[in-house]
Amino acid sequence: MRWSTCYIPTLKEAPADAEVISHQLLVRAGMIRKLTTGVYSYLPLGLRAVNKVAAIVREEMELAGAREVLLPAVQPADLWVESGRWEQYGKELLRFKDRHGRDCCLGPTHEEVITDLVRGEVRSYRQLPVIFYQIQTKFRDEIRPRFGLMRGREFIMKDAYSFDRDEDGADNSYRAMYEAYQRIFKRLGMRFKAVEADSGAIGGSFSHEFMVLAQTGEDTIISCSACDYAANVERAEVLAAERVDAAPPPDMEEVFTPAQQTIEDVSAFLNLSPSRVVKTILLEADGKPLAALVRGDHQLNEIKLKNLLKLDTLRLANSEEIEDWTGAPTGFAGPVGLSIPVIADNSLRERENWAAGANKKDTHVINMSLSRDARVSRYGDIRNSAPGDLCPRCRKAVESMRGIEVGHVFKLGLKYSQALNAAFLDENGVERHMVMGCYGVGVSRVVAACIEQNHDENGIVFPPPVAPFELVLLNLDVKDPQIRAKADELYALLLSEGLDVLLDDREERPGVKFKDADLIGAPMQLVLGAKGFAKGVLEAKARRGGHKVELPLEGFVEAFREWKRSVYSAWGTA
RNA sequence: CGGAGCGUAGCGCAGCUUGGUAGCGCGCCUGCUUUGGGAGCAGGAUGUCGCAGGUUCGAAUCCUGUCGCUCCGACCA
């Protein structure tokens, strides 16, 4: 492609609304433009990157035995009513009516549609297993879209669905997809980690998320420093606490703690470590009040709590409810004398002597024993794992890191096949429900995550497999007919080498071309100018690392191939 | 959903407090010069100041409403 004919509107400045680096660079490199909140248009360069990712995803899906389909974006409500999700799914599901007044929605995911399709087609165990996938635009009306392509409302997703005769078959499909995902992200040249994820209310037996490691990630990963255990913090199991101090405290005392509402305030005021203070969190669980206790230095994990108590809904109480249930304004809640159910984290068993709110304005209690002075209905693992906790597998310390979720594999089991009655006849003529799995890759998010991971002060540093163009050939002297002829010749040569080449044939000053080439992040740059031409060389620069070498124009192809090999092998993506 | 902020040229912004000819930088167009890391000079084009009302002789500026966008929070007990 010639730059002059490929629309690449690069920008010197980032738009004011771009917060994260990937968003800024995507806009500056002329890859995307915003239409409205969380909705972006892909310009030629952006689409090329998306298509690069999609191509690799397609290859690996086909290798894993999945077959491509394309399902409708607009879906009838009936199907969602049938699965129960018309009620269950929140505001993220964009609903509307057609001209006849029929309820419709824009597909945020396609379990209903694919299950409907398959139940109409598959009748016999002989037709199973089957895996379908599609690459398609999804719409989720997120509460707060942000970070450009990282959390858009409209985004491009590869979603796959497997249908099996039985659990074993479903496990095989799951494994095949898990392995395909490992290959996909490896081939894309990303630093990633597959982590155990919450399978929650859906009740599947297991689920893994594929996380691209990046500081800007919205997810926290707990990962063992010694073994290969890794899990989303939502799920990461915390081993039950050991008792460090079993001595019963002296009598409980009230302490006047005016305006000391946060754990930090209180622990500083009482001169106690936050780990000696009980944090009491009031929630509404399935419409009823509930108090959850964790150590002051820990964080409540609402997903674990929800799973532990098998709750459908869980939300934090508002200040009126807190006052109503505890008899004190916010900041002074505690377990003593509460008449609502109290769930405590396992760590609160480690000692007997605690400080806590007294359920009385400006008052806390010290020397509080949960067994003596309060009533705890149940203990359990309801807190977030934190660095220093012991690995549930090998008991070495875990560490925490941030990740961007780019893939999720999920064993669904019978949830949708039962709800929508997707059944087949087995070899004994017995009707059985198909065992399902679903598998997603956020294709557009992968591009953003890739940039988060690969950039420098000059712009994007694309790994070769994702780069819209693998190589930019910069002609610095387009007005010189000799050099232009040479550039054209090299361009044709590089194309015949099977490369995606962008020839910068614009009438721009060299500085502009260098800046733009860096910005759009092509892994390889070849620079042809009058100086080098006179010497019979052109300059080759690897975008990553910036290392420059001169390649001879005489015998160029061989020298180039060798250089290219070195650039690619540095990426580990030959 | 709660809180905060912003809508002025394609992009980034000033002007608004104290009402009186709509500005700056980048980009864009023309010409000359320049040409290996976002050129210089000269000339030029581009705005319903988000929209709708209101106040006023007069509104980008003040008031009301509305729409859009962004950020923060929703882990606080």
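Note: A:Asn384 CG to A:Asn232 CG = 9.0 Å, rounded to the nearest 0.5 Å.
A straight line from CD1 of A:Ile281 to C1' of B:A74 spans 14 Å, rounded to a whole angstrom. What separates CZ of A:Phe514 from C1' of B:G36 is a distance of 5 Å, to the nearest Å. Rounded to whole angstrom, the span from the CG atom of A:Leu314 across to the C1' atom of B:A74 amounts to 13 Å. Rounded to an integer number of Å, the gap from A:Lys535 NZ to B:G36 P is 15 Å. As rounded to whole Å, 14 Å separates atom C1' of B:C71 from atom CD of A:Glu218. Taking atom NZ of residue A:Lys12 and atom P of nucleotide B:C28, one finds them 8 Å apart after rounding to whole Å. Atom P of nucleotide B:G27 and atom CD of A:Glu13 are separated by 10 Å, given to the nearest angstrom.
The same atom, C1', is picked in B:U35 and in B:U17; the two are 49 Å apart, to the nearest Å. Using C1' as the reference atom, B:U8 and B:C24 are 12 Å apart when rounded to the nearest Å. Spacing between B:U61 and B:G65 at atom P, rounded to whole Å, works out to 16 Å. The separation of B:U21 from B:C49, taken at their P atoms, amounts to 14 Å, rounded to a whole angstrom. Only the P atoms considered, B:C62 is 9 Å distant from B:C16, to the nearest whole Å. Taking atom P in both B:G2 and B:G47, one finds a spacing of 39 Å when rounded to whole Å.
Distance from the side chain of A:Glu19 is smallest to B:C71 among B:C71, B:G36, B:G68. The side chain of A:Asp516 has B:G38 as its nearest neighbour among B:U35, B:G38, B:C11. In the set B:U70, B:C26, B:G37, B:G37 carries the atom at the smallest distance from any side-chain atom of A:Lys541. When the nucleotides B:C26, B:G36, B:U70 are ranked by their closest atom to the side chain of A:Lys531, B:G36 comes out on top. For A:Lys515, the listed nucleotide lying nearest its side chain is B:G38; candidates were B:C69, B:G38, B:U34.
Residue side chain A:Glu539 reaches the base of B:G36 through a donor-acceptor N/O pair under 3.5 Å, judged by distance alone. With hydrogens and angles left out, the side chain of A:Arg146 and the base of B:U70 share no donor-acceptor pair within 3.5 Å. Between the side chain of A:Asp518 and the base of B:G37, a donor-acceptor pair under 3.5 Å is found.
Heavy atoms of A:Gly529 sit under 4.0 angstrom from at least one base atom. Note on A:Thr37: only backbone sugar-phosphate atoms sit closer than 4.0 angstrom, heavy atoms only; bases stay farther off. Among the atoms of the strands shown, base atoms are found under 4.0 Å from some heavy atom of A:Ala317. At the heavy-atom level, A:Leu474 lies nowhere under 4.0 Å from the strands shown.
The shortest heavy-atom contact between A:Leu45 and A:Ala29 is CD2-O, 3.4 Å.
Checked for salt-bridge contact, A:Glu321 and A:Arg315 meet the test: a charged N lies under 4.0 Å from a carboxylate O.
Contact check for A:Met524 versus A:Arg543: no side-chain heavy atoms found under the 4.5 Å cut-off.
The backbone N or O of A:His298 sits less than 3.5 Å from a side-chain atom of A:Lys279, completing a donor-acceptor pair.
Considering only side-chain N and O atoms, A:Lys513 lies nowhere under 4.0 angstrom from the phosphate OP1 or OP2 of B:U35. Here A:Lys479 does not reach the OP1 or OP2 of B:U35: none of its side-chain N or O atoms lies under 4.0 Å away. OP1 or OP2 of B:G38 has not a single side-chain nitrogen or oxygen of A:Thr10 nearer than 4.0 Å. At B:C72, one or more side-chain N or O atoms of A:Arg144 fall inside 4.0 Å of OP1 or OP2 (strictly under the cut-off).
Partners of A:Lys513 according to the salt bridge (charged side-chain N to carboxylate O under 4.0 Å, His left out) rule, which considers only residues two or more places apart in sequence or in another chain, are A:Asp504.
Across all strands shown, B:G65 forms a Watson-Crick or G-U wobble pair with B:C51, both key distances being under 3.5 Å.
In summary, the aromatic rings of A:His455 and A:Phe462 are positioned with their centroids too far apart to meet the 6.0 Å limit.
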